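Predicted model only: the values in this text are computed from it and were never measured. Every chain is numbered from 1 and lettered A, B, ... according to where its sequence line falls, protein lines coming before strand lines.
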Protein chains: 2
Amino acid sequence: MNHLAYDALTQAWTRQYRFSHLQAMAGWDRAAVMPPKGNAARAEAMAEMDALLHRLRTEPALAGLIETARDEPLDDLARANLREIERDWRAANALPEALVQAESLAGARCEHAWRSQRPANDWAGFLENFREVLRIAREVAARRADSTGLPPYDALMDRFEPGMTASEVDRLFGDLQSWLPALVHQVRDRQASAAAASPISAAAGPFPKAAQRALSLEVMGLLGFDFDAGRLDESTHPFSGGVPEDVRLTTRYGEADFVQSLMGTIHETGHARYEQNLPRERLGQPVAQARSMGIHESQSLSFEMQLALSRAFIGLIAPKLAAHFGAQPAFEPDALHRSLTRVAPGFIRVDADELTYPAHVILRYRIERGLIEGSVQAEDIPALWDEGMASLLGVDTRGNFRNGCLQDTHWASGLFGYFPCYTLGAMYAAQWFATIRRGTPDLDARISRGELAPVFDWLRENIWSQGSRWTTAELAVRASGETLNPLHFRRHLEARYLG
Amino acid sequence: MNHLAYDALTQAWTRQYRFSHLQAMAGWDRAAVMPPKGNAARAEAMAEMDALLHRLRTEPALAGLIETARDEPLDDLARANLREIERDWRAANALPEALVQAESLAGARCEHAWRSQRPANDWAGFLENFREVLRIAREVAARRADSTGLPPYDALMDRFEPGMTASEVDRLFGDLQSWLPALVHQVRDRQASAAAASPISAAAGPFPKAAQRALSLEVMGLLGFDFDAGRLDESTHPFSGGVPEDVRLTTRYGEADFVQSLMGTIHETGHARYEQNLPRERLGQPVAQARSMGIHESQSLSFEMQLALSRAFIGLIAPKLAAHFGAQPAFEPDALHRSLTRVAPGFIRVDADELTYPAHVILRYRIERGLIEGSVQAEDIPALWDEGMASLLGVDTRGNFRNGCLQDTHWASGLFGYFPCYTLGAMYAAQWFATIRRGTPDLDARISRGELAPVFDWLRENIWSQGSRWTTAELAVRASGETLNPLHFRRHLEARYLG
């Protein structure tokens with residue numbers, strides 16, 4: 001029973017995993033604690049490591065090892081690992097090193113300039129750098145398309161959500177489009193009448209930073225975050241980083257508002273628990289890593305939207321808010337639930353409620369797909385944005401680039417094909433919770449009592465511990481009996497907002 | 001004017017510099033912020049990087065490049081850089097990779113166990129791991145001796161203090177030994193009489209952590225630390241880490257005592273300013289790096305002992321202590337000066353005053369040199385320790401391993417040849433300040449007024465900006481007109497303690 005080639009491959013990927021550990025920590029450090037003058041040396045060090053990692057993944061010997069390993073006797077887990085190794089290898093080899101460097105450089109330059117161009121509302125300045133980012137992204141898409149046999153946009157999406165296609169996204173988003181706008185109208189009318197009858201009491205600040213941090217830590221503990229295997233720090237743009245063995249969350253505290261840090265921390269804790277509970281025995285191998293960005297987002301949204309915005313969970317944390325910030329009418333559970341589930345179209349994706357969020361994603365998906373396919377040019381973006389925001393959300397963004405098409409970092413950094421994952425994640429999260437509720441009919445009563453184990457146990461068993469053992473479609477079927485079905489998202493929204 | 005080989009070498013060393021950046025930051029992170037369960041993955045990642053760095057420094061092509069570069073037309077700075085590249089290359093190639101790994105593994109194991117063996121006073125347990133560390137250190141010394149042509153102990157010292165030899169250390173420490181014991185006696189008698197006439201008022205705590213941190217930050221600012229290019233954090237064992245572009249200091253706050261964090265921070269700030277002011281134009285090359293550990297220590301001790309314990313500087317910071325902790329008699333400048341310059345033999349090297357500190361170093365130097373040369377065995381250490389502490393400092397350490405021969409991490413980690421650097425640094429610091437005082441006769445008056453520029457300007461021009469351009473001996477002659485001369489240390493101590 002010889003599997004020497006497979007063993008050589010796992011050793012090579014373990015080595016990359018170790019180097020990626022250093023890279024992940026340097027990335028966390030840059031975002032969370034690095035002083036400004038450290039930036040140039042850090043960028044050079046991380047670029048050198050990117051180049052090394054690309055070289056390791058494109059070593060000529062790997063092709064032969066992969067071919068040989070395919071014919072070796074491997075158990076199912078090893079075979080799944082080989083499938084993921086091959087995917088990783090194919091993705092790296094689709095691109096010549098010079099293109100990888102050009103992509104990283106153009107993205108870094110455009111993103112860096114964007115940080116000041118966005119507050120300055122400087123679309124023209126952004127456009128100059130962005131044209132190059134787009135040119136390279138199109139070349140990357142073409143090369144990945146050649147390598148995978150997928151259409152160009154699908155080939156980009158494949159980096160984040162393997163197996164997902166634009167035609168499937170069209171089907172899923174088409175379904176949403178067929179009922180969501182009417183639902184949003186209905187919910188807004190209903191909330192407006194309720195507010196007229198009995199106004200929502202707004203929480204009165206300020207909310208001291210130290211109290212917000214203490215609350216965040218307490219809620220993370222309640223949500224099962226392992227503080228021996230991770231940290232919570234602060235950064236301008238909150239994220240979840242680090243490595244599965246040491247997960248680094250960040251958040252941002254504004255003293256005028258506690259909701260952003262609280263919900264942000266809950267969201268990132270969902271990502272963190274996925275990482276902290278990935279299978280340990282093959283850690284370092286692709287099969288032990290998170291399945292996809294959509295599945296990752298399904299974990300953060302399971303925590304943030306499914307669990308934390310439920311009336312039961314809000315009843316559980318309302319007294320904690322009063323304890324940390326002092327009691328006030330807005331912290332009564334019903335008032336808190338009403339204010340946290342208010343639906344209102346707005347400019348900003350990351351601030352959107354769960355009903356209007358998909359419209360932000362659909363708009364971006366349409367535009368970026370056109371950009372990659374060539375039917376949309378960089379300079380067309382503002383007009384398409386204004387038109388889309390007006391028709392999808394009734395919002396006027398004309399001339400307001402800062403809160404319009406300049407609001408996200410994704411395109412600046414060259415990330416095309418990522419946006420759909422957010423809404424796929426929301427739909428998956430609804431599907432997971434529908435399954436959990438079937439298995440635990442008294443779920444809300446248990447959440448009210450602080451018994452969150454039914455949620456965590458199900459996620460651990462069905463998602464976290466599975467890593468990348470299955471394709472995303474197989475994972476969904478094994479976990480919930482079917483592939484992604486937007487009906488669960490619809491039922492969830494109707495139950496929460498019209499129930 | 002062809003210098004292709006030299007250029008290829010500088011590129012190779014720049015690449016190593018970038019990888020070392022990631023390694024340095026991972027090391028800082030481990031000591032300052034890493035949660036416990038991150039340790040195993042971190043150790044694997046850092047060991048993988050150590051192996052890569054060793055492989056890069058031992059690439060077979062380098063030998064030919066170095067030989068070719070020697071005959072290329074190089075300016076003086078490039079020639080100095082080539083000298084340092086060659087030193088670095090020779091040091092790496094002296095050892096086979098297996099020995100490097102064995103050294104790192106044995107040191108890590110012994111050091112890790114030492115952390116609990118020291119508090120448990122467990123010499124026997126320590127001895128078990130330490131025998132292997134010593135065995136490997138002797139082999140390393142033998143191989144380095146072969147490669148450098150130096151005696152074995154000198155060949156180990158050469159890693160930290162290139163150019164220094166045991167016979168020169170004997171000469172310098174012999175000089176100290178001829179006058180220091182009598183000076184200690186004289187000073188202690190004098191301080192005892194003074195204390196009998198007028199007791200020293202002890203500062204009354206507690207000293208809140210937040211106030212200590214605020215004081216540390218203020219004093220670092222006064223000492224010119226660039227907070228845009230570095231940070232101050234906390235760790236159990238304070239250190240100065242990071243990279244020249246981003247220096248990471250740590251300290252430790254005990255609420256019962258403010259002196260440790262204050263003096264520790266001042267000490268580390270001296271290391272930090274050296275790094276922050278290394279020459280920028282060739283940064284990444286060996287010639288732009290710190291000269292040696294002794295010279296590094298001369299910077300921390302210039303700040304801590306020469307500057308901060310001067311009556312003038314104490315007058316400057318006394319009001320800050322009162323401002324942060326509340327006024328009390330112990331914070332009157334004269335009282336503070338008396339308490340900070342009190343001389344008393346003790347068990348612990350890192351807590352020793354500047355008069356008794358050299359005895360701690362001399363004892364360790366004698367023992368470790370014997371260990372490497374084979375005249376001392378691992379099991380002989382406690383008896384030699386007890387005998388040395390009794391005769392050098394009149395202190396009884398029998399059976400007290402925890403505060404005796406188990407107190408330092410150096411031997412546990414396999415660091416032999418490092419201890420002399422501490423006292424060489426103290427002597428160099430005295431020599432630098434003697435030179436500064438010659439050039440600025442009113443130095444104390446200026447320090448009293450908060451004008452520290454004469455100190456910083458001299459150090460920047462003569463030490464910091466010189467990097468590794470000169471050998472240590474040349475650096476000393478250029479800076480102060482002579483090689484290391486212990487007379488300046490003697491005069492400094494006599495002036496401060498008998499003046």
Tell me if the NE2 atom of H54(B) is crowded by more than 12 foreign heavy atoms within 6.0 Å.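 Yes, because the 6.0 Å sphere around NE2 of H54(B) holds more than 12 heavy atoms from other groups.
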Is it true that, when you exclude R280(B) itself, more than 12 heavy atoms of the residues, nucleotides or ligands shown sit nearer than 6.0 Å to its CZ?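 Counting neighbours around CZ of R280(B), more than 12 heavy atoms of other residues, nucleotides or ligands fall under 6.0 Å, so yes.
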(Q) Suppose a student defines contact as a heavy atom less than 4.5 Å from any heavy atom of chain A. Which residues in residues 238-246 of chain B would they list? (A)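 Against chain A, the residues of residues 238-246 of chain B that fall inside the cut-off (heavy atoms, under 4.5 Å) are E245(B), D246(B).
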Can you give me the closest heavy-atom contact between F19(B) and E48(A), atom names plus distance?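 What the structure gives for the nearest pair is CZ-CG, 3.8 Å.
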Quiz item: Tell me the ring-ring contact (aromatic ring centres under 6.0 Å, His included) pairs involving residues 206-237 of chain A, sequence neighbours left out?
Solution: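 Only F207(A)-F258(A), F207(A)-F325(A), F225(A)-F227(A) qualify under ring-ring contact (aromatic ring centres under 6.0 Å, His included).
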- Message: Out of V247(A), D228(A), L283(A), D233(A), return the one with the most heavy atom pairs under 4.5 angstrom to chain B.
- Response: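 Of the candidates given, the most pairs with chain B belong to D228(A).
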Considering only heavy atoms, which portion of M25(B) lies under 4.5 Å from any heavy atom of chain A: side chain, backbone, both, or neither?
->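 Looking at M25(B), just its side chain touches chain A.
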(Q) Using heavy-atom distances under 4.5 Å, tell me whether V33(B) contacts chain A through its side chain, its backbone, both, or neither. (A)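 For V33(B), heavy atoms of backbone and side chain both lie under 4.5 Å from chain A.
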Just to verify, what does R55(B) make a salt bridge (Lys or Arg N to Asp or Glu O under 4.0 Å) with, not counting sequence neighbours?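 Per chain and number, R55(B) pairs via salt bridge (Lys or Arg N to Asp or Glu O under 4.0 Å) with E97(B).
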Item to check | Any L52(A) side-chain heavy atom under 4.5 Å of R15(B) side chain | outcome: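 The answer is yes, as the side chains (C-beta and beyond) meet within the 4.5 Å cut-off.
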Determine all donor-acceptor pairs shorter than 3.5 Å in which one atom belongs to a side chain in residues 34-46 of chain B; sequence neighbours excluded.
residue	atom	partner	partner atom	Å
K37(B)	NZ	D226(A)	OD2	2.5
R42(B)	NE	H21(A)	NE2	2.7
R42(B)	NH1	A26(B)	O	3.0
R42(B)	NH1	D29(B)	OD1	3.0
R42(B)	NH2	D29(B)	OD1	3.2

